[in-house]
Amino acid sequence: HIIASISRDLTNSDELNVVTALNAIIKMGNSSMASALSVTVTNLFNHKSLLVKKKSLLAMQKLESVLPGCISQYREKIKISLQEVEPSVLNTSLNLILDEAQQNPSAWTCVVKSLCSILKQIIEKKMSYYDYQKIPEPYMQIKIIRILGLLCRKDKVQAVEVAPFIEQALQRADYINTDASYAIVFESALTAASLFFETSLVEKASLAIGRFLNFNAVNPNLAYMAIKVLERISEVDSKFIRDYQMFILESLESPDETLRRTTLDLLCKNITAENKNIVISKLLARLCSSNDKSFKVELSKKIFHLSIEYSD
């Protein structure tokens with residue numbers, strides 16, 4: 001009865017009924033619904049209402065997740081939706097691709113060129129619906145940059161093609177001191193570290209993240225973001241974080257517990273024969289000052305393993 005009722009509403013002339021039916025599928029879609037309703041939901045992708053089109057994309061994702069293969073040309077339809085000028089539909093398609101790329105990135109490399117084109121148009125304000133804190137479409141930029149990092153991290157050819165667009169986004173946001181610009185720089189730097197084939201881009205990302213250090217005393221959130229980026233960048237090459245050694249050591253003395261712990265992780269990953277004494281002494285100091293039992297156990301294990309590994 002539920003499936004029959006939803007089916008009737010999907011073909012109703014009233015847009016509100018159609019949207020309500022699609023919302024029901026999004027919330028409680030199952031394999032039985034997928035078998036019975038996939039064709040009808042797919043046809044709604046061509047509906048004149050942008051709201052229905054947006055909801056149909058989400059419903060298609062739900063049905064495809066519960067019954068893979070039930071939506072004909074699923075990826076092609078999402079790829080087509082990237083050409084939509086309506087921001088709500090475009091944003092929905094980006095959300096779907098981001099979700100899918102986290103599970104199966106190789107299946108979505110077909111959209112890389114389209115995403116690069118959209119990112120370029122946004123940065124150059126050729127496809128910009130609004131500015132937030134002097135940044136055009138910051139949320140859309142962040143999604144695209146994150147997706148590109150997922151899709152291209154193991155593909156040297158793709159990384160080379162994508163790098164100029166990530167660099168453009170990085171440079172566009174780097175000279176603006178707003179929360180939106182910091183978010184773009186942060187996401188661009190993380191993606192640059194994912195595109196490790198492009199070391200020149202990684203170097204530029206490490207320089208850009210240095211701007212966060214100026215606000216360390218008043219904004220521990222920016223300091224935390226800087227440490228997270230430096231941790232990722234150090235996995236490409238530790239030379240890119242050498243200029244930040246004083247900042248890293250100072251972060252160990254921060255009153256913010258999360259920042260201190262993140263900094264300890266960074267130090268442990270970048271210990272060398274040359275700095276082992278300093279790093280281990282800092283770790284021991286944190287061990288003595290902490291009152292968190294679980295943290296002390298974890299830290300003791302790290303100190304023990306590092307002492308064995310770097311023993312003379």
Side-chain angles (χ1 to χ4, degrees), residues 50 54 57 75-102 105-209 211 229 232-233:
L50 293 173
K54 169 186 171 181
L57 282 170
R75 295 192 188 100
E76 283 302 313
K77 287 179 171 55
I78 294 179
K79 188 176 180 180
I80 291 171
S81 69
L82 288 176
Q83 302 170 13
E84 179 61 61
V85 295
E86 168 59 35
S88 64
V89 177
L90 180 55
N91 257 313
T92 300
S93 62
L94 290 176
N95 287 332
L96 298 191
I97 294 171
L98 180 58
D99 289 342
E100 300 285 340
Q102 291 171 339
S106 60
W108 291 92
T109 54
C110 59
V111 301
V112 167
K113 289 186 178 180
S114 297
L115 293 175
C116 289
S117 176
I118 293 170
L119 181 60
K120 181 177 175 65
Q121 292 179 70
I122 291 174
I123 294 170
E124 296 176 352
K125 294 193 174 184
K126 294 178 181 177
M127 184 193 290
S128 179
Y129 308 100
Y130 77 102
D131 282 13
Y132 178 67
Q133 295 184 344
K134 302 180 181 179
I135 297 292
E137 297 290 348
Y139 305 109
M140 203 178 290
Q141 283 195 58
I142 289 171
K143 289 175 194 173
I144 294 173
I145 293 167
R146 188 174 299 171
I147 293 169
L148 291 175
L150 290 169
L151 299 183
C152 304
R153 60 185 173 186
K154 295 182 179 179
D155 190 327
K156 185 173 182 179
V157 175
Q158 295 269 37
V160 171
E161 293 179 1
V162 165
F165 299 96
I166 302 300
E167 182 178 347
Q168 187 178 6
L170 182 67
Q171 292 178 341
R172 173 69 176 79
D174 190 29
Y175 70 92
I176 302 173
N177 294 324
T178 65
D179 289 342
S181 70
Y182 299 145
I184 299 292
V185 171
F186 176 72
E187 202 63 51
S188 298
L190 290 179
T191 297
S194 298
L195 308 178
F196 52 86
F197 304 103
E198 286 293 293
T199 54
S200 62
L201 178 60
V202 178
E203 183 176 8
K204 290 172 182 175
S206 68
L207 293 174
I209 214 68
R211 293 176 61 252
V229 170
R232 288 281 295 276
I233 287 176

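Atom set for the values below is all heavy atoms of this structure, side chains included, hydrogens, waters and symmetry mates excluded. All values reported here derive from a predicted model rather than from experimental measurement. FYI, the numbering just counts along the sequence from 1.
- Counting only heavy atoms from C-beta outward, the side chains of Ile123 and Phe165 never approach each other to under 4.5 Å.
- With a 4.5 Å cut-off on side-chain heavy atoms, Pro138 and Tyr130 count as touching.
- A distance of 10.5 Å separates CG of Asp155 from OG of Ser106, quoted to the nearest 0.5 Å.
- In the displayed structure, Tyr129 atom OH is contacted under 6.0 Å by more than 12 heavy atoms of other residues, nucleotides or ligands.
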Carefully, step by step, assess Trp108 and Ile147 under the rule side-chain contact (heavy atoms from CB on, under 4.5 Å). CA-CA 10 Å; Trp108 291 92; Ile147 293 169; over 6 Å; no
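- To the nearest 0.5 Å, the span separating CG on Leu90 from CD on Glu84 amounts to 8.0 Å.
- For the residue pair Asn91/Lys143, the side-chain donor-acceptor check at 3.5 Å is satisfied.
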How far apart are the C-alpha atoms of Thr191 and Glu187, what are their side-chain angles, what is the distance that settles it, and do they pass the side chain to side chain donor-acceptor pair (under 3.5 Å) test? CA-CA 6 Å; Thr191 297; Glu187 202 63 51; 4.6 Å; no
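- Contact between Leu82 and Ser93 at its shortest, heavy atoms only, is CD2-OG, 3.4 Å.
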Going through the distances and angles, do Glu124 and Arg172 end up as a side-chain contact (heavy atoms from CB on, under 4.5 Å)? CA-CA 9 Å; Glu124 296 176 352; Arg172 173 69 176 79; over 6 Å; no
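- Gln141 places a side-chain N or O within donor-acceptor distance of the main-chain N or O of Pro136, the cut-off being under 3.5 Å.
- Within the 4.5 Å cutoff, no side-chain heavy atoms of Leu151 are placed close to those of Gln158.
- Taken from CG in Leu119 to CE in Met127, the straight-line distance is 10.5 Å, to the nearest 0.5 Å.
- Residues Gln133 and Ile176 have side chains not in contact (no heavy-atom distance under 4.5 Å, counting atoms from C-beta outward).
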As a quick check of understanding, evaluate side-chain contact (heavy atoms from CB on, under 4.5 Å) for Leu170 and Ile184, giving each step before the final call. CA-CA 7 Å; Leu170 182 67; Ile184 299 292; over 6 Å; no
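- A 4.5 Å side-chain heavy-atom check between Ser117 and Gln121 finds at least one atom pair inside the cut-off.
- What you find for Ile166 and Ser188 is that their closest heavy atoms are CG2-O, 3.8 Å.
- There is no side-chain donor-acceptor pair under 3.5 Å between Glu203 and Thr199.
- Judged as a side chain to side chain donor-acceptor pair (under 3.5 Å), and not counting sequence neighbours, Glu137 has no contacts.
- Closest approach of Ile135 and Ala180 over heavy atoms only: CG1-CB, 4.0 Å.
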Given side chain to side chain donor-acceptor pair (under 3.5 Å), test Ser194 with Arg232 step by step and report yes or no. CA-CA 8 Å; Ser194 298; Arg232 288 281 295 276; 2.9 Å; yes
For the pair Leu57 and Lys54, evaluate side-chain contact (heavy atoms from CB on, under 4.5 Å) and give the outcome as yes or no after the intermediate values. CA-CA 5 Å; Leu57 282 170; Lys54 169 186 171 181; 5.7 Å; no
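- Between Ile144 and Leu115, the shortest heavy-atom distance links the atoms CG2-O, 3.6 Å.
- The minimum heavy-atom distance linking Ile209 with Ala189 is given by the pair CD1-CB, 4.4 Å.
- Going from atom SG of Cys110 over to atom CZ of Arg75 covers 7.5 Å, rounded to the nearest 0.5 Å.
- Inter-residue side-chain proximity for Leu148 and Cys116 is flagged as met; some heavy-atom pair is nearer than 4.5 Å.
- Note that the CG atom of Leu98 and the CD1 atom of Ile142 stand 11.5 Å from one another [nearest 0.5 Å].
- Closest approach of Val202 to Ala192, counting heavy atoms only: CG2-O, 3.3 Å.
- Considering CD of Glu86 and OG1 of Thr92, their distance stands at 9.0 Å, rounded to 0.5 Å.
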